[in-house]
**Q** 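First the structure, then my questions, so here it is.
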Amino acid sequence: MRLLALALTAVVLTGCSGDASAPAPLAGTSEPAAVETTATSEDIGSHTPTDLQHPGDLVPGRTASEALGEKVTTRRVESELAARTLDCGYVPARMDVDAPFLEIRSTPDPVSLDAMLRLYLGADRLPHHPLDLTGADGAEVVLEPEDDLVTIFFKQGFVTHAVVLDVGDLERAERIGIRLARLVLAGNSPED
């Protein structure tokens, strides 16, 4: 299931696009989602980082180790299929069943958070909830209880960030994910 979640996340972050003019119903509803018209592309564009920083630079291994409570090292992940995605995996020093899993991705992506979530949540009906994340143009937590996997998606202008964690406890993973998401947002702030 973890591989399925990672594959779905990768598909979402590598350029899937939805047609915002005809929104699909949100998971669990028969009503189409409202199209957000309050923000213009200039507003969103002003929040887009001008020099997108690699998550591995913003959340180094030492910081991730402190957050996870276990020593990890960073590993930059590169893929020909997702060449624009900046991806960092955090490899635990001990590789056992209970070892934590952490990956952070940042991708230039004009797709709205709502459209992206409809693609991600459509078939699985995964539990999720919005997140108030200062500096983000929108954020959502997606839970996969069967696998103890938590994914925090957050938009920063035309960039989609994702923090994916498995630490064996959904609530703890969400708290850690929020902390790391704040570091990614701060390091990519267009005001810097």
Side-chain angles (χ1 to χ4, degrees), residues 1-16 49 51-109 113 116-117 119-121 124 126-128 131 133 135-136 139-156 159-189 192:
M1 185 69 175
R2 182 183 295 181
L3 291 176
L4 174 63
L6 292 174
L8 287 172
T9 304
V11 167
V12 168
L13 292 178
T14 55
C16 287
D51 185 21
L52 187 59
Q53 300 298 305
H54 198 285
D57 296 335
L58 301 174
V59 181
R62 182 177 184 162
T63 302
S65 295
E66 290 170 3
L68 294 169
E70 184 168 329
K71 183 163 177 53
V72 296
T73 56
T74 60
R75 181 178 57 89
R76 289 181 186 235
V77 179
E78 295 185 18
S79 167
E80 291 179 17
L81 296 175
R84 299 179 318 151
T85 297
L86 302 178
D87 191 348
C88 189
Y90 296 82
V91 182
R94 62 180 178 88
M95 294 301 291
D96 63 22
V97 176
D98 296 328
F101 173 82
L102 171 62
E103 191 163 349
I104 304 174
R105 297 182 197 97
S106 299
T107 304
D109 182 7
L113 185 63
M116 183 186 71
L117 288 171
L119 290 170
Y120 189 79
L121 299 171
D124 290 340
L126 298 171
H128 59 96
L131 176 64
L133 193 57
E140 188 88 15
V141 177
V142 178
L143 307 170
E144 294 183 52
E146 291 178 8
D147 296 318
D148 290 324
L149 199 65
V150 173
T151 304
I152 299 176
F153 290 107
F154 51 107
K155 293 293 285 188
Q156 190 174 27
V159 173
T160 300
H161 303 283
V163 177
V164 184
L165 296 110
D166 175 1
V167 297
D169 177 343
L170 293 174
E171 289 181 23
R172 179 171 172 252
E174 185 173 336
R175 287 191 307 272
I176 293 169
I178 290 168
R179 176 179 167 201
L180 300 178
R182 288 181 177 139
L183 293 173
V184 172
L185 281 168
N188 282 303
S189 176
D192 291 343

**Q** When you look at Val167 and Glu70, which way does the side chain to side chain contact (heavy atoms under 4.5 Å, CB included) test go after all the steps?
**A** CA-CA 10 Å; Val167 297; Glu70 184 168 329; over 6 Å; no
**Q** Between Val142 and Leu117, is any pair of side-chain heavy atoms under 4.5 Å apart?
**A**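 They are in side-chain contact.
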**Q** Would a 4.5 Å heavy-atom cut-off, applied to side chains only, mark Leu183 and Thr63 as touching?
**A**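 Answer yes - side chains close enough.
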**Q** For His54 versus Cys88, what's the shortest heavy-atom pair and its separation?
**A**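 Nearest heavy atoms, His54 then Cys88: CE1-CB, 3.8 Å.
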**Q** Measure the shortest side-chain to side-chain distance between Pro55 and Leu86 over non-hydrogen atoms and say whether it is less than 4.5 angstrom.
**A**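 Result yes, sub-4.5 Å side-chain heavy-atom pair found.
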**Q** I'd like to know if Asp57 and Arg76 make a salt bridge, using a cut-off of under 4.0 Å between side-chain N and carboxylate O.
**A**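 Yes.
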**Q** Is there a side-chain contact between Leu52 and Asn188, using heavy atoms and a 4.5 Å cut-off?
**A**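 Side-chain contact under 4.5 Å: yes.
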**Q** To the nearest 0.5 Å, what is the distance between CD (Glu140) and CE (Met116)?
**A**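 Reported to 0.5 Å precision, the distance equals 8.5 Å.
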**Q** What are the two closest non-hydrogen atoms of Ala67 and Leu180, and how far apart are they?
**A**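 Closest approach of Ala67 to Leu180, heavy atoms only: CB-CD2, 4.1 Å.
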**Q** Answer yes or no: does atom CZ of Arg182 have more than 12 heavy-atom neighbours from other residues, nucleotides or ligands under 6.0 Å?
**A**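 No, the 6.0 Å shell around CZ holds no more than 12 heavy atoms from other groups.
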**Q** If you round to the nearest 0.5 Å, how far is NE2 of His161 from CD1 of Ile152?
**A**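 Output value for this atom pair is 12.5 Å.
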**Q** Grab the two heavy atoms, one from Leu133 and one from Ala181, that are nearest each other, plus how far apart they are.
**A**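 Smallest heavy-atom distance, with atoms named: CD2-CB, 3.8 Å.
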**Q** How would you list, by chain and number, every residue that makes a salt bridge (charged side-chain N to carboxylate O under 4.0 Å, His left out) with Arg179, sequence neighbours excluded?
**A**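 Partners of Arg179 by the salt bridge (charged side-chain N to carboxylate O under 4.0 Å, His left out) criterion come out as none, since no residue qualifies.
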**Q** Taking all non-hydrogen atoms of both residues, which atom of Phe154 and which atom of Ala136 are closest, and how far apart?
**A**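 Heavy-atom minimum between the residues: CB-CB, 4.2 Å.
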**Q** Apply side chain to side chain contact (heavy atoms under 4.5 Å, CB included) to residues Asp148 and Leu165 and explain how you reach the verdict.
**A** CA-CA 8 Å; Asp148 290 324; Leu165 296 110; over 6 Å; no
**Q** Is any side-chain heavy atom of Ser106 closer than 4.5 Å to a side-chain heavy atom of Val184?
**A**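 Yes, at least one pair of side-chain atoms sits under 4.5 Å.
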**Q** Go through it in stages, so that I can follow the logic: the residues are Phe153 and Leu113, the test is side chain to side chain contact (heavy atoms under 4.5 Å, CB included), and I'd like the CA-CA distance, side-chain angles, deciding distance and then a yes or no.
**A** CA-CA 8 Å; Phe153 290 107; Leu113 185 63; 3.9 Å; yes
**Q** Do Tyr90 and Thr74 make a side-chain contact, defined as non-hydrogen atoms from C-beta onward lying under 4.5 Å apart?
**A**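 SC-SC contact between Tyr90 and Thr74 confirmed.
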**Q** Determine whether Thr151 and His128 satisfy the following criterion, side chain to side chain contact (heavy atoms under 4.5 Å, CB included), listing intermediate values before the conclusion.
**A** CA-CA 9 Å; Thr151 304; His128 59 96; over 6 Å; no
**Q** Closest heavy-atom contact between Pro92 and Ala99?
**A**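 That would be CG-CB, 3.7 Å.
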**Q** Any side-chain heavy atom of Leu143 sitting closer than 4.5 Å to one from Val150?
**A**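 Yes - at least one pair of side-chain heavy atoms lies under 4.5 Å apart.
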**Q** Please report the closest heavy-atom contact between Gly135 and Leu185, naming both atoms and the distance.
**A**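 In terms of heavy atoms, the two residues are closest at O-CD2, 3.9 Å.
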**Q** Got Glu103 and Asp87 here, is their nearest side-chain heavy-atom distance under 4.5 Å?
**A**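 Side-chain contact under 4.5 Å: yes.
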